[in-house]
Amino acid sequence: MKLKEILNKIFLIEIIKGLSLTLKMLFSKSVTIQYPFERRKIYPGFRGKHALIRDPFTNNTKCIGCMRCSTVCPSRCIHIKREKVENKMAVTDYIIDASRCVFCAYCVEACPVCALVLTEDFEYSTYSRNTLIFNKEQLLKNWDEFVQKWPQDLYFNKFWQPPGIDPSRWPKAKREQKPIPLRRVVEIKKEDNSEPADN
Ligand code: SF4
Ligand code: SF4
């Protein structure tokens, strides 16, 4: 055994080093928070609860049923039902099994009309797996609920415009995509729900 190691053992140097680190951390600022009483700021682009954007002009989804999202999904958890109505493809149902999703956002990137989003809402834990299977109505409801909570008037998801791809190769709808004015969506919904005025 070397002299240095013998001195370390006699004077308990390693233990003193460990205790001094403990003492230092005792007076440093805590990195943990008291969730759910305290919440961290959620940054735009956080990949949370799935939603289909409600088009403020049609009050329906913007989805055109192109199947790109379900094709690109590595978890195969998107199922789209569609049928032809008057020579146009109509989406009759859109199902995402969120319990199988790995939150890669490939579906959001692939969507040519920016109809789909992984909202910043992350508080949807549940005891039932079935409640994590979102159908079209639920996905639109997820968007409505998210809009109510989102503090800003505009919403833009960074995954709508995938990095690393020449923007000239994006579909036109993606190139021209602007932040969505959320309050207008809410206003339209309120108008729809308002009672007809008495004559
Ligand atoms: S985020 Fe990824 S895994 Fe989840 S539905 Fe979209 S493509 Fe599939
Ligand atoms: S990629 Fe977009 S438009 Fe196409 S089916 Fe999926 S959500 Fe609908």
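Given the structure is predicted, the values throughout are model-derived calculations rather than measurements.
- T92 places a side-chain N or O within 3.5 Å of a backbone atom of K81 that can act as its donor or acceptor partner.
- To the nearest 0.5 Å, atoms CD1 (I78) and CD1 (I95) are separated by 11.5 Å.
- Between H50 and F103, the two ring planes are tilted [angle within 30° to 60°].
- Counting heavy atoms from C-beta on, the side chains of L52 and Y94 come closer than 4.5 Å.
- Among all heavy-atom pairs drawn from P74 and Y106, the shortest one is CD-CD1, 4.1 Å.
- Note that CE of M25 and OG of S30 are 9.5 Å apart. Values are rounded to the nearest 0.5 Å.
- Under the 4.5 Å side-chain criterion, counting only non-hydrogen atoms from C-beta, V91 is not in contact with M89.
- The aromatic rings of W143 and Y155 stand perpendicular to each other, their planes meeting at an angle above 60°, with 30° marking the opposite boundary.
- For the atom pair CG (N157) and CD (E109), the distance works out to 9.5 Å, reported to the nearest 0.5 Å.
- Put simply, the side chain of R54 gets close to the backbone of N59: a donor and an acceptor are under 3.5 Å apart.
- A donor-acceptor pair is defined here as one N or O able to donate and one able to accept, closer than 3.5 Å; such a pair exists between the side chain of W160 and the backbone of L116.
- Panel note: side chain R82, backbone G65; a donor-acceptor pair is recorded below 3.5 Å.
- At a threshold of 4.0 Å, the pair R39-E123 counts as salt-bridged, since one of the basic side-chain nitrogens sits closer than that to a carboxylate oxygen.
- Within the 3.5 Å criterion, the main-chain N or O of C77 finds no donor-acceptor partner in the side chain of S75.
- Taking CZ of F159 as the start and SG of C104 as the end, the distance is 9.5 Å to the nearest 0.5 Å.
- Under a 3.5 Å cut-off, the side chain of Q161 and the backbone N or O of K174 do form a donor-acceptor pair.
- Remark: the T126 side chain and the S128 side chain contain no N/O donor-acceptor pair separated by less than 3.5 Å.
- Between the side chain of R47 and the main chain of L118, no donor-acceptor pair closer than 3.5 Å is present.
- In terms of modelled atom types and a separation under 3.5 Å, the side chain of K49 and the main chain of F146 share no donor-acceptor contact.
- Looking at heavy atoms from C-beta onward, N60 lies in side-chain contact with L140 at the 4.5 angstrom threshold.
- Without hydrogens or angle criteria, E120 side chain to G45 main chain gives a donor-acceptor distance under 3.5 Å.
- Residues N142 and Q138 have side chains that bring a donor and an acceptor to within less than 3.5 angstrom of each other.
- Salt-bridge formation is detected for the pair E145/K141: a Lys NZ or Arg NE/NH1/NH2 atom is positioned less than 4.0 Å from an Asp or Glu carboxylate oxygen.
- Going from atom CD1 of I15 over to atom OG of S20 covers 12.0 Å, rounded to the nearest 0.5 Å.
- Summarising the geometry, atom NE2 belonging to H79 is positioned 12.5 Å from atom CG belonging to N135; distances are rounded to the nearest 0.5 Å.
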